[in-house]
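Just so we're clear, the structure is a prediction, and the values are computed from it rather than from any experiment. Numbering of ligands and ligand atoms starts at 1, following listing order.
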Amino acid sequence: AVLKTEFLGQKYENPFMNASGVHCLTVNELDELKRSKAGAFITKSATTLERAGNPEPRYYATALGSINSMGLPNKGFQYYLDYVVDYQKNDSDGKAPFFSVAGMSRDENINILKIIQRSDFQGVTELNLSCPNVPGKPQVGYDFQMTEQILTQVFEFFRKPLGVKLPPYFDFAHFDIVANILNKFPLAYVNCVNSVGNGLYVDAASESVVIKPKNGFGGIGGDYIKPTALANVRAFYTRLNPTIKVIGTGGIASGQDAFEHLLCGATMLQVGTALYEEGISVFERLEKELKEVMTQKGYKTIEEFRGQLRTL
Ligand SMILES: CC(C)(C)CCc1c(C(=O)O)[nH]c(=O)[nH]c1=O
């Protein structure tokens with residue numbers, strides 16, 4: 001079985017990459033991803049200026065996944081722009097990392113994307129729609145009018161490949177509304193899903209929360225969210241123009257989990273909690289396990305089964 005994957009005109013050895021935010025904050029971490037078995041990789045969502053993020057503890061792992069309220073710690077977008085432009089100059093392997101953007105306001109998103117548009121960066125940009133909105137309003141991904149307004153403004157000037165990182169949706173009306181909005185734009189892809197927002201993990205022994213920010217509330221990842229992630233991958237795969245690809249993120253910790261996301265229609269696969277917990281070697285294990293699953297089922301390539309989820 002081979003895991004060769006073509007995505008946005010670029011050929012990758014396999015569909016695996018890190019989820020933005022995990023193992024991608026510094027040049028060292030990005031270089032480790034570059035040298036790893038990951039097929040592709042992406043930078044930590046960047047803001048205009050460097051951010052320290054929230055006070056620690058801000059991440060906690062459990063038997064079934066993780067909870068985080070990192071608070072968008074990052075080195076500032078110029079740090080990552082320097083990295084990706086330098087990468088594409090020196091490494092013509094075409095594996096320049098995807099560039100993730102999460103402005104703390106609509107204007108900040110527009111400003112950063114304008115600079116990317118004017119820059120030498122030729123790779124893929126991912127706009128994180130879980131970025132905050134005006135106080136009192138839900139995150140942008142849950143404010144459908146704001147989502148449409150931002151994308152309308154972005155596509156007036158942005159001409160490079162752009163994907164959006166979506167929060168999970170839980171209602172068929174929302175799948176339909178959001179897909180109808182996204183289908184209006186020349187998007188390269190949607191990335192389903194970001195962490196399931198504002199969960200709460202309680203440690204019964206200490207009778208306490210486990211992370212400091214937001215009184216313990218944080219985004220949930222890992223095994224907890226795989227059914228939600230698969231549902232969102234499938235919902236958008238079946239609703240979007242076929243020109244808009246789907247990246248599957250959420251609960252990928254084994255070759256079988258990867259297979260399930262591909263069966264639902266994903267092309268690239270992002271790994272968050274499992275990478276955070278296991279480290280960079282997770283990609284070697286996932287590659288081996290996915291090949292085993294495919295071989296057992298008699299598949300030589302991913303194309304033979306991508307999106308072919310059967311219903312009863
Ligand atoms: C939640 C935000 C801080 C607004 C965006 C960054 C982010 C974070 C984070 O930096 O806390 N964690 C996630 O699981 N997903 C995200 O998109």
Side-chain angles (χ1 to χ4, degrees), residues 17-26 29 42-62 64-77 79-80 98-109 112-113 125-143 146-147 150 163-169 189-201 209-226 228-229 232 247-253 270-277:
M17 56 192 290
N18 66 300
S20 177
V22 182
H23 209 284
C24 56
L25 192 77
T26 63
E29 288 185 321
I42 186 169
T43 60
K44 167 65 183 172
S45 295
T47 47
T48 306
L49 302 173
E50 180 166 10
R51 283 172 59 90
N54 287 334
E56 296 179 333
R58 57 194 189 182
Y59 172 93
Y60 184 88
T62 75
L64 295 175
S66 64
I67 183 168
N68 89 84
S69 184
M70 310 301 282
L72 208 47
N74 74 97
K75 297 286 189 182
F77 90 94
Y79 178 96
Y80 302 104
F98 294 25
F99 191 103
S100 179
V101 175
M104 294 302 279
S105 71
R106 173 178 176 175
D107 288 348
E108 187 174 353
N109 276 316
I112 295 173
L113 289 170
T125 301
E126 180 170 289
L127 178 59
N128 184 348
L129 290 185
S130 286
C131 46
N133 200 342
V134 298
K137 297 193 78 174
Q139 61 165 288
V140 170
Y142 290 151
D143 180 338
M146 176 64 90
T147 294
I150 288 181
V164 286
K165 178 74 172 283
L166 296 176
Y169 300 97
Y189 70 89
V190 297
N191 182 349
C192 298
V193 290
N194 206 324
S195 50
V196 170
N198 295 310
L200 181 62
Y201 185 84
V209 302
V210 293
I211 55 173
K212 191 177 179 75
K214 295 171 64 174
N215 292 323
F217 285 66
I220 303 296
D223 296 359
Y224 294 118
I225 73 166
K226 190 173 73 171
T228 295
N232 278 262
I247 293 186
T249 306
I252 298 177
Q270 292 189 352
V271 183
T273 301
L275 170 58
Y276 197 116
E277 292 308 303

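Not one N or O of Pro73 is nearer than 3.5 Å to an N or O of ligand 1, by distance alone. Considering both main-chain and side-chain atoms, Met70 comes within under 3.5 Å of ligand 1 through a nitrogen or oxygen pair. Residue contacts with ligand 1: Leu72 is placed with a nitrogen or oxygen under 3.5 Å of a nitrogen or oxygen of the ligand (distance criterion only). On a distance-only criterion, Ser195 and ligand 1 share at least one N/O pair closer than 3.5 Å.
Separation of atoms NE2 (His23) and OG1 (Thr26) is listed at 8.0 Å; rounding is to 0.5 Å.
Interface of Asn68 with ligand 1, defined as ligand atoms under 4.0 Å from a residue heavy atom, comprises 8 (C), 9 (C), 11 (O), 12 (N), 13 (C), 14 (O). Interface atoms of ligand 1 facing Pro132, defined by a heavy-atom separation under 4.0 Å, are 4 (C).
Side chain of Arg58 to main chain of Pro213: no donor-acceptor pair is present (N/O by atom type, distance under 3.5 Å, no hydrogens or angles). Of the possible polar contacts, one joining the Tyr80 side chain to the Lys75 backbone as a donor-acceptor pair under 3.5 Å is found. Ser100 contributes no side-chain N or O that, together with a main-chain N or O of Lys44, makes up a donor-acceptor pair within less than 3.5 Å.
When heavy-atom distances to ligand 1 are checked against a 4.0 Å cut-off, Lys44 comes that close only through its side chain, counted from C-beta outward.
Under the side-chain hydrogen bond (donor to acceptor under 3.5 Å, both in side chains) test applied with Thr249, the options Asn194, Asn191, Asn18, Asn232 reduce to a single match, Asn191.
Residue, atom and distance of the protein heavy atom nearest to atom 15 (N) of ligand 1 are Asn194 OD1, 2.9 Å. With hydrogens left out, the protein atom closest to atom 2 (C) of ligand 1 is Ser130 O, 4.3 Å, a heavy atom.
Not close to ligand 1: Ala102, with no non-hydrogen atom less than 4.0 angstrom away. For the ligand labelled ligand 1, residue Lys165 lies outside the 4.0 Å heavy-atom shell.
One side chain, Asn74 or Thr47, offers a donor N or O that lies under 3.5 Å from an acceptor on the other. For the residue pair Asn198/Lys214, the side-chain donor-acceptor check at 3.5 Å is satisfied.
Classified by interplanar angle (parallel below 30°, tilted 30° to 60°, perpendicular above 60°), the ring pair Tyr189/Phe98 is tilted.
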